[in-house]
Amino acid sequence: MTATTTETLDRAMFFGGNAPMEGVLNSLAMEPFITGAQPHSRAAEITEVSPEATLLPPGVGADLTYELDGRHSHLAFGPEWTLVALRRRAGAATVCVSATSGELADEVLAAAVRTARTGTPGESAVPVGFWHVQGCGGAGVRAPRTMDLPPWQEIRGNYPRSAVTALDTLMTVRPQDVTGRLILLHGPAGTGKTTAVRALAHEWRDWCQVDNVLDPEVLFADPGYLTSVVLGEERADARKWRLLILEDCDELVGADAKRDSGQALSRLLNLTDGLLGQGLDILVCLTTNENVARLHPAVVRPGRCLAEIEIPPLPDPRRPLGWAPVRRSARRAPPSPSCIACEPRSSPGSAHRRNWAGFAVRRNRGGRAVRVRPCGCGGVAWS
């Protein structure tokens, strides 16, 4: 220990045996600030801290260290400054510096924070904030992360043609093109709505800050939480728009949303097209599994949505190759006794295949080729 360390320990308070060690380190670091010896303090909350990061200025070692579950925290004393770094779960850390001058505190803190991350982010790296409510006071907490998100061109071929055209247009939107403030992606579960939203965040990264709300059912039910999310945190580039992503909002935008969710739907509409969102460059992206016909009319009314896109499932990949379209006859064929739908037991062990798309198909039955034709019942007959 240095002389400074010994002097500080001599003047520090005594702690009980059950005091958490992080609190002990933090209290020792605050001692010169409280006594006025180092009256200037600076702090930084850091996410995604590299395990190899020292969280210390170059060439400086820690005087006191503490480790819990692989997370290292430490206290360091320098000439006219004191630094404490507390690592938290999920790779986060808090660094606090007190010094004899504000300029020195800023310098030491910046040097320690620069060691937090190693390497440079790739082209697909996009900063994304994750909001959740904390406590009973409605305060929102934003946890920033850097994520590798796919470019739209890499995943474009995974979507049906009917959705690709609308998504192509959405991906190229820029601030001057914004009309409505609501983006609605709807379709059955598992069709790629979340992946499309991830690609949207990548394509808009230059002009739009992306925030994902983890508890949308709480967001519009709690005015305090909603206000903290809408106003957001102080940003380095306040000129950027913001995109709030709310996933699986079936109850919020369904036809019975007004009855089931109370004022939640009204607050959503007020954010996108009312006084709450007035003067704020905020877009809201909702995903839902509901069919558009079952959505609340106020959500899909003309002029409210910047984009309302249905993402249907892809064709069944198990469909046999070689299907050829046939011309439908205006007159339906009479039922055939060999149709599995009409005679369920006429072909034991064979699964009934409905010819819903009007295709003539080939399939193997008992190891031989079987020709299949449409039946008047809507199924298929084999021969």
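Below, all heavy atoms of this structure are taken into account, side chains as well, without hydrogens, waters or symmetry copies.
Looking at heavy atoms from C-beta onward, Ile309 lies out of side-chain contact with Lys193 at the 4.5 angstrom threshold. Considering only heavy atoms from C-beta on, Phe220 stays 4.5 Å or farther from Leu265 through its side chain. Side-chain contact between Leu184 and Thr288 is present, with at least one heavy-atom pair separated by less than 4.5 Å. Here the side chains of Val178 and Leu283 are in contact, with some heavy-atom distance below 4.5 Å. At least one side-chain heavy atom of Thr115 sits under 4.5 Å from a side-chain heavy atom of Leu55.
Between the side chains of Thr100 and Gln38, not a single donor N or O lies within less than 3.5 Å of an accepting N or O. Side-chain atoms of Trp131 and Asp215 include no donor-acceptor pair closer than 3.5 Å.
At a threshold of 4.0 Å, the pair Asp273-Arg181 does not count as salt-bridged, since none of the basic side-chain nitrogens sits closer than that to a carboxylate oxygen. Salt-bridge formation is not detected for the pair Asp281/Arg242: no Lys NZ or Arg NE/NH1/NH2 atom is positioned less than 4.0 Å from an Asp or Glu carboxylate oxygen.
For the pair Trp81 and Ala76, the tightest heavy-atom approach, listed with the atom from each and the gap, is CZ3-O, 3.8 Å.
Remark: Tyr66 pairs with no residue by the ring-ring contact (aromatic ring centres under 6.0 Å, His included) rule, at least two apart or across chains.
Asp211 contributes no side-chain N or O that, together with a main-chain N or O of Val128, makes up a donor-acceptor pair within less than 3.5 Å. Judged by distance alone, with hydrogens and angles left aside, the side-chain atoms of Ser228 form a donor-acceptor pair with the main-chain N or O of Gly140 at under 3.5 Å.
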| query | Could you go step by step and tell me if Glu247 and Thr287 meet the side chain to side chain donor-acceptor pair (under 3.5 Å) rule? | reply | CA-CA 5 Å; Glu247 298 186 273; Thr287 68; 4.6 Å; no
Inset, instruction - Test side chain to side chain donor-acceptor pair (under 3.5 Å) on Glu103 and His40 and set out the steps. - result: CA-CA 9 Å; Glu103 294 77 8; His40 302 274; over 6 Å; no
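One finds the CD1 atom of Ile245 at 10.5 Å from the CG atom of Leu286 (value rounded to the nearest 0.5 Å).
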